[in-house]
Visitor: 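Before I ask anything, let me first share the structure, which is written out below as structure tokens.
So that the names make sense, note that chain A is the first sequence line, chain B the second, and so on, each numbered from 1.
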Amino acid sequence: MQQREMVTLQGSVEHIVFSSEETGFTVLELNTGEELVTVVGEMVEVSEGEELRLVGEYASHPTYGLQFKVSLCERSLPATANAIYKYLSSGAIKGIGPVIAKRLVDAFGDETLDIMESEPQRMEEIRGLTPKKIAVIRQELSRVFGVRSVMMFLSRYGIAPMVAVKIWKKWGGAGVDVIKENPYLLCAYDIGLEFADADEIARSLDFHSDDTLRIRAGIQYVLSHNLQNGHTCLPKDKLLPAAAALLDVGSEEVDSALALSLEENELIEEVIEGKSFLYLPELYGAERYIAGRIVMNMRLLTTPEKKMDAPIAKLELQKGIQYAARQKKAIAQALVSGVFILTGGPGTGKTTTLNAIIDLFEEQGDTVALAAPTGRAAKRLTELTGREAKTIHRLLEVDFTDPSAARSSVKFKRGERNPLKADVVIIDEMSMVDTLLFESLLRAMKLSARLILVGDSDQLPSVGAGNVLKSLIDSDCVPMVRLDEIFRQAAESLIVTNAHAIVGGEQPDIQTRDNDFFFMESYSYPKTAQMVADLCARRLPGTYGFSPLWDIQVLTPSRKGELGTMELNRRLQEALNPPHPEKAEFVFNGVTYRQGDKVMQIRNNYDMTWTRDNGEHGSGVYNGDIGEILSIDRPARMMQVRFEDRQCAYSFDGANELELAYAVTVHKSQGSEFEAVILPLMHPSRRLYYRNLFYTAVTRAKKLLIIVGPRRAVQYMVDNNKKTLRYSGLKEFILWEMEQQEG
DNA sequence: CCCGCGAA
């Protein structure tokens with residue numbers, strides 16, 4: 001059972017399992033008087049036997065089972081008059097000694113601490129406590145009583161304890177006062193309340209609708225909200241009317257509030273291609289830094305005089321490979337450029353080229369670091385190059401000591417002051433890297449390090465804001481080779497030619513019936529779902545001999561809805577792996593998992609151990625890995641899951657890192673390829689039916705692609721290129737830097 | 001509507 005609710009837990013520390021002095025990350029056993037609970041999280045300097053009061057939530061961990069994840073940890077406070085006296089007289093609270101402690105406890109008894117916290121003015125009754133002293137004590141109390149006052153204040157407005165925890169972490173005991181002074185801080189990106197909720201609180205605190213704080217917050221809110229839509233900035237003439245509408249105020253009010261915001265550098269205004277744009281400072285800084293660093297790298301590290309023909313010829317002999325002309329050009333340019341982009345669709349020989357580049361750098365004695373934005377891509381890069389590749393996050397070493405846990409972007413240990421040693425940094429699947437992460441990567445590279453970016457900008461854009469690879473390519477300044485000669489797939493493959501058409505905004509050929517790309521018309525969802533199930537279970541295995549589990553993959557744009565992964569997985573499980581007396585099953589989070597089911601790991605888990613068929617041991621399963629449940633042991637609450645040639649033991653709780661995978665979203669499929677892909681489509685929606693998503697889905701198929709759905713859904717997806725157009729100034733900033741650094 | 005990363 002998984003609970004996602006903030007609760008309070010009290011008890012004594014029975015045993016400390018693990019504790020990192022550096023980060024405060026601690027694992028301990030807490031005795032609540034009824035049971036032992038495993039507690040994990042940031043708890044600084046706790047010792048065994050100590051009484052703790054914890055705020056957090058229960059979550060099941062794949063290997064350690066049910067545990068309590070701490071958001072906030074406090075020492076418990078004594079409850080009886082006697083204990084309170086001992087506590088107060090010990091000097092725990094500044095301003096209170098034994099004498100005052102005795103007077104307080106004599107006056108208030110068991111309720112002393114409660115009264116001091118919630119009715120502090122009553123302390124004036126106590127002889128020796130001046131208003132000045134009381135003010136000092138109150139401040140101390142708020143530090144000790146902690147999050148409770150913030151929670152109590154916010155609970156009056158129906159705001160969740162989680163938000164209170166964030167406020168406490170950011171402002172401590174002063175949180176309530178800070179919020180009372182400017183409730184709109186609640187809807188800033190690091191606290192994350194909706195504007196309307198913050199607005200309601202402000203109203204109850206007698207803020208007016210034309211208050212400058214309100215209008216400035218509204219403008220910021222629209223900007224940070226659009227960060228989630230992928231935009232690093234917004235045109236002024238779009239942002240201001242949107243803010244005015246949200247705030248229900250006139251444009252004059254918005255204009256004057258904006259002037260104040262700009263003056264105080266809350267926002268940055270920049271004219272790009274003759275048009276005025278507004279930025280949050282963080283994103284503005286990131287784009288300017290990226291532009292400056294990229295151009296600097298190109299200018300300082302490019303060594304065109306170095307001739308690569310002989311080394312490449314030597315490598316061809318060594319490896320017994322003949323590189324195509326484009327590949328040779330790419331290899332040569334990569335070795336002499338400060339920044340280099342290698343691009344091209346699937347099957348165009350990017351990997352072979354990359355391997356040659358790495359070999360030649362290593363031959364020169366250069367240290368090469370390999371990384372990718374996802375765990376799965378990193379693992380694949382490791383396999384394809386025979387060298388260790390990491391996620392960018394792991395390469396840069398995530399910094400958990402940063403106290404601002406509520407920040408939008410992760411902080412890293414590697415940076416300008418502690419740069420990576422690598423002479424060459426190679427990033428694969430660059431299309432998934434967003435602006436802030438790329439800035440962090442560049443800052444962590446030493447100034448003499450070359451950068452090689454590999455990717456396909458026609459695939460899905462990054463989750464985070466920006467479209468970095470596309471901006472770099474569109475700037476037309478960065479040396480690039482596009483591989484488009486198809487090695488893996490025959491040139492006459494309709495999958496390949498249609499993929500090309502889609503990228504170019506042309507309609508694919510959906511008429512041809514004797515190639516590898518098929519279109520089956522269907523106008524009703526139940527019929528489409530039925531056709532998909534029939535193709536998987538009967539027709540494709542029958543006609544082509546494809547294995548329903550390993551060769552065929554159903555991809556769909558959405559999770560929800562009648563043709564979403566949730567519903568399709570239920571139907572396909574019924575069709576491909578129905579209940580059977582000899583097949584054990586269990587239910588987790590409302591989903592039935594059965595022996596023989598196809599599942600996907602949905603988070604990186606570096607600790608999950610596996611055994612290979614050849615007996616080899618190791619660890620690590622990655623987000624996007626697809627496997628099969630081989631067996632289920634109900635009494636032990638364990639199951640065996642097989643991923644290709646590796647086998648892992650999962651606890652039932654481990655199912656929270658798994659999903660049924662008969663159907664997966666196109667997003668999740670990025671980075672994988674399948675023999676056969678079935679793509680059911682329905683009535684097109686603007687948000688999810690767009691060109692890059694369609695291209696990504698089509699190019700996942702190696703031998704066969706079948707689209708089932710209405711004809712106009714195909715047409716709509718090719719035409720809809722809006723989704724991938726993201727506002728960003730990066731391209732323009734690169735061009736400026738080129739001009740500036742020229743002289 | 002879709003979604004990446006991370007200390008035992």
Visitor: Mind checking what makes ring-ring contact (aromatic ring centres under 6.0 Å, His included) contact with A/Tyr727, not counting sequence neighbours?
Guide: A/His231
Visitor: Which nucleotide wins on minimum distance to the side chain of A/Asn623, given the candidates B/dC2, B/dA8, B/dG4?
Guide: B/dG4
Visitor: Give A/Val17 one of three labels, base, sugar-phosphate or nothing, depending on what nucleic acid heavy atoms sit under 4.0 Å from its own.
Guide: nothing
Visitor: Let's see if you can work this out: which of B/dG4, B/dA8, B/dC1 has an atom nearest to the side-chain heavy atoms of A/Lys668?
Guide: B/dG4
Visitor: Write down the distance between CD1 (A/Ile427) and P (B/dG4), rounded to a whole number of angstrom.
Guide: 18 Å
Visitor: Kindly assign one of parallel, tilted or perpendicular to the pair A/Tyr606 and A/Tyr622, based on the angle between their ring planes and the thresholds 30° and 60°.
Guide: perpendicular
Visitor: Check the phosphate of B/dA7 against A/Arg394, side-chain N and O only, distance under 4.0 Å to OP1 or OP2. Yes or no?
Guide: yes
Visitor: If stacking means aromatic ring centre less than 5.5 angstrom from the base's six-membered ring centre, planes under 30°, is A/Phe18 stacked on B/dA8?
Guide: no
Visitor: When all nucleic acid strands are considered with a 4.0 Å heavy-atom cut-off, which category describes A/Gln670: base, sugar-phosphate, or nothing?
Guide: nothing
Visitor: Please tell me which of the listed nucleotides, B/dA8, B/dG6, B/dC2, lies nearest to the side chain of A/Thr391?
Guide: B/dG6
Visitor: Salt bridge between A/Arg443 and A/Glu439, side-chain N to carboxylate O under 4.0 Å?
Guide: yes
Visitor: Starting at atom CG of A/Leu395, determine the distance to atom C1' of B/dG6, rounded to an integer number of angstrom.
Guide: 14 Å
Visitor: Can you measure A/Ile602 atom CD1 to B/dG6 atom P for me and round it to whole angstrom units?
Guide: 14 Å
Visitor: Begin from the C-alpha positions of A/Glu383 and A/Arg380 and carry the test salt bridge (Lys or Arg N to Asp or Glu O under 4.0 Å) through to its verdict.
Guide: CA-CA 5 Å; A/Glu383 286 166 359; A/Arg380 205 193 38 211; over 6 Å; no
Visitor: May I ask you to verify whether the side chain of A/Glu397 and the base of B/dA7 hold a donor-acceptor pair under 3.5 Å?
Guide: no
Visitor: Tell me the interatomic distance from A/Asp625, atom CG, to B/dG4, atom P, rounded to whole angstroms.
Guide: 13 Å
Visitor: Show me the pairs that pass salt bridge (Lys or Arg N to Asp or Glu O under 4.0 Å) and involve residues 655-665 of chain A, at least two apart or across chains.
Guide: A/Arg559-A/Glu659, A/Arg603-A/Glu657
Visitor: Where the side chain of A/Ser558 is defined as all heavy atoms beyond and including C-beta, which of B/dG6, B/dC2, B/dA8 is the nearest nucleotide?
Guide: B/dC2
Visitor: Report which part of the nucleic acid A/Gly375 touches: base, sugar-phosphate, or nothing (heavy-atom distance under 4.0 Å, all strands).
Guide: sugar-phosphate
Visitor: Tell me yes or no: between the side chains of A/Asn31 and A/Glu14, is some donor less than 3.5 Å from an acceptor?
Guide: yes
Visitor: Taking atom P of B/dG4 as reference, at what distance in whole Å does atom CG of A/Leu469 sit?
Guide: 19 Å
Visitor: Measure from the side chain of A/Asn604, starting at C-beta and using heavy atoms only, and say which of B/dA8, B/dC3, B/dC5 lies closest.
Guide: B/dC5
Visitor: When you check the phosphate oxygens OP1 and OP2 of B/dA8, does a side-chain N or O of A/Ser19 lie under 4.0 Å from one of them?
Guide: no
Visitor: Of the nucleotides B/dG4, B/dC2, B/dC3, which has the atom closest to the A/Val463 side chain?
Guide: B/dC3
Visitor: Looking only at side-chain atoms of A/Arg559, point me to the closest of B/dG6, B/dC3, B/dA8.
Guide: B/dC3
Visitor: Quick one: A/Asn467 CG to B/dC2 P, roughly how many Å, whole number?
Guide: 20 Å
Visitor: Select one nucleotide: of B/dC5, B/dC3, B/dA8, the one nearest the side-chain heavy atoms of A/Thr374.
Guide: B/dC5
Visitor: Choosing from B/dC1, B/dA8, B/dC5, which nucleotide comes nearest the side chain of A/Asn229?
Guide: B/dC1
